[in-house]
Amino acid sequence: LIQLQEDDREEYLVAQKIRELLLKGQKGQLNYINEQGEQQGIRPEDIAVLAYSQNELDRVQHQLERMNIQVNRAMLNSVFNSVDAQDIGAILQAIVQPDSEAKLKRALLSPMIGLDLMKFKYFEQHAEEFSQHIQNFRHTRQLWQSKGFLLAWQWFSETYQIWQTLAKNRGKQAERSIVNTRHLIELLSQYSYRYQGIQHLLHWYQLQLSSPQQREWELERKLSSAQGVNLMTIHKSKGLEFKIVFLLNANKQVKVNQAKDGNLGFFDQTTD
């Protein structure tokens, strides 16, 4: 544990220390045992810098980039501003109104299900197969009403092989789409306990789509394929593990407020 003096430029010293660690990793002087039982030198993605504010992270990023050290920083994009969020919204509407042909077709054409226009021409001659999709969406709605959103989604995703279909249809964006979709389903499951009933939850979701923000819990999550020193807020780091972690301003007074949406908000009293 290294405690910096009050007059030190903490961000510069942290960046300098990270450069030192990475140089040792490159020379084989700082290793760990990987999953294959082999020695692995410390890499940028093994290191995380955590802070209470984005301003602090901005300063660390500036220092690291000056030293030509690659940075992986969570993007400040709302997951509700993604194509995946729109597709889930279309699917939810079709589940709520499975007898609406327009809503059902929009849902079936999404990359999550992956039907195309040729398939709909086929349905013109084989109406019973289109009827099966109507039954699937009706059954999902019944599960949602009787057993809750999450169990209904699990049945639906297995029936339509959502994850495999996304991996196939989204190409280079497959990982981003899968991560976003899992994130959105987690949020829907979480808020389904607050907004009882399918209409209430759908209304909440549509409000988020119409007004995406930059609240910590709705920002897009990092990808496993992303490389570089990880920069993130403490709240964003929940559940993640890294070989080496730097915590900025750990000795300064911090207050924790309860946000209006029920999530915890962190505010450093001594930083700008």
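For this chain, numbers begin at 1 and follow the sequence in order.
- Between Asp58 and Gln54, the side chains place no donor N or O within less than 3.5 Å of an acceptor N or O (distance only, hydrogens not considered).
- Looking at heavy atoms from C-beta onward, Glu129 lies in side-chain contact with Lys119 at the 4.5 angstrom threshold.
- Between Phe123 and Phe120, the ring planes are perpendicular. Angles over 60° get that label, and only those under 30° would be called parallel.
- In terms of heavy atoms, Ala107 sits closest to Ala94 at CB-CB, 3.7 Å.
- In terms of hydrophobic clustering, with Ile, Leu, Val, Met, Phe, Trp and Tyr side chains grouped at heavy-atom distances under 4.5 Å, Val179 and Leu166 are assigned to different clusters.
- Criterion: ILVMFWY side-chain heavy atoms under 4.5 Å apart, direct or through other members. Under it, Leu23 and Ile18 are not part of a common hydrophobic cluster.
- Within the 4.5 Å cutoff, side-chain heavy atoms of Pro111 are placed close to those of Asp87.
- Between Asn180 atom CG and Phe80 atom CZ the span is 10.5 Å, to the nearest 0.5 Å.
- No hydrogens or angles considered: a donor-acceptor pair under 3.5 Å links the side chains of Thr233 and Glu216.
- Here the closest non-hydrogen pair linking Thr140 and Ile95 is CG2-CD1, 3.7 Å.
- Stacking of Lys243 on the aromatic ring of Tyr32 is recorded, both the 6.0 Å distance cut-off and the 45° axial limit being met.
- With Asn230 contributing its side chain and Ile47 its backbone, the two residues share a donor-acceptor pair below 3.5 Å.
- The CD1 atom of Ile162 lies 12.0 Å from the OG atom of Ser177; values are rounded to the nearest 0.5 Å.
- Across all non-hydrogen atoms, the minimal contact from Leu231 to Val71 is CD1-CG1, 3.4 Å.
- With salt bridges taken as basic N to acidic carboxylate O contacts below 4.0 Å, one links Arg43 and Asp46.
- Between the CG atom of Leu30 and the CD atom of Gln39 there is a distance of 10.5 Å, given to the nearest 0.5 Å.
- No side-chain donor-acceptor contact under 3.5 Å links Ser211 to the backbone of Gln208.
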* Given side chain to side chain contact (heavy atoms under 4.5 Å, CB included), test Lys24 with Ile42 step by step and report yes or no. => CA-CA 8 Å; Lys24 287 183 177 181; Ile42 288 293; over 6 Å; no

Residues 195-207 side chain polar contacts: donor-acceptor under 3.5 Å, at least two apart:
residue	atom	partner	partner atom	Å
Gln196	NE2	Tyr193	O	2.9
His200	ND1	Gln196	O	2.7
Tyr205	OH	Ala85	O	2.8

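- Between Asn72 and Glu45, every side-chain heavy-atom pair lies at or beyond the 4.5 Å cut-off.
- Taking CG from Asn136 and CZ from Arg141, the interatomic distance works out to 13.0 Å, rounded to the nearest 0.5 Å.
- Interatomic distance, Ser82 OG to Asn77 CG, rounded to the nearest 0.5 Å: 9.5 Å.
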* Passes side chain to side chain contact (heavy atoms under 4.5 Å, CB included), Leu188 versus Leu92? Steps please. -> CA-CA 11 Å; Leu188 280 162; Leu92 293 179; 4.0 Å; yes

* To do: Check the pair Leu187, Gln190 against side chain to side chain contact (heavy atoms under 4.5 Å, CB included), reporting the backbone distance first and the verdict last.
  => CA-CA 5 Å; Leu187 291 175; Gln190 174 187 346; 4.0 Å; yes

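- There is a path of hydrophobic side-chain contacts, each under 4.5 Å, that joins Phe246 to Met67.
- For the pair Phe137 and Ile113, the tightest heavy-atom approach, listed with the atom from each and the gap, is CZ-CD1, 4.0 Å.
- Two residues are said to be in side-chain contact when any heavy atoms from C-beta on lie closer than 4.5 Å; Arg19 and Gln63 fail this criterion.
- Residues Tyr122 and Met118 have side chains not in contact (no heavy-atom distance under 4.5 Å, counting atoms from C-beta outward).
- Residues Arg138 and Asp99 meet the side-chain proximity criterion, which asks for heavy atoms closer than 4.5 Å.
- Using cut-offs of 30° and 60° for the angle between ring planes, the Tyr160 and Phe156 rings count as tilted.
- Using a distance-only test at 3.5 Å, with no hydrogens or angles considered, no donor-acceptor pair links the side chain of Ser189 to the main chain of Glu186.
- Between atom CE of residue Met232 and atom CZ of residue Arg221 there is a gap of 12.0 Å, rounded to the nearest 0.5 Å.
- Under a hydrophobic-cluster definition in which Ile, Leu, Val, Met, Phe, Trp and Tyr are linked whenever side-chain heavy atoms come within less than 4.5 Å, directly or via other members, Ile178 and Val83 are assigned to different clusters.
- With a 4.5 Å cut-off on side-chain heavy atoms, Ile88 and Asp84 do not count as touching.
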* Asked: Given Ile33 and Gln40, is the side chain to side chain contact (heavy atoms under 4.5 Å, CB included) satisfied, shown in steps?
  -> CA-CA 6 Å; Ile33 305 300; Gln40 171 72 56; over 6 Å; no

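- Of the possible donor and acceptor atoms, none in the side chain of Gln227 sits under 3.5 Å from a partner among the backbone N and O of Gln70.
- The main-chain N or O of Gly28 is found under 3.5 Å from a side-chain atom of Asn31 such that the two form a donor-acceptor pair.
- No side-chain heavy atom of Glu11 sits less than 4.5 Å from a side-chain heavy atom of Val14.
- The minimum heavy-atom distance linking Leu219 with Gln214 is given by the pair CD2-CA, 3.7 Å.
- Salt-bridge formation is not detected for the pair Lys121/Glu124: no Lys NZ or Arg NE/NH1/NH2 atom is positioned less than 4.0 Å from an Asp or Glu carboxylate oxygen.
- For the pair Ser110 and Ile91, the tightest heavy-atom approach, listed with the atom from each and the gap, is OG-CD1, 3.9 Å.
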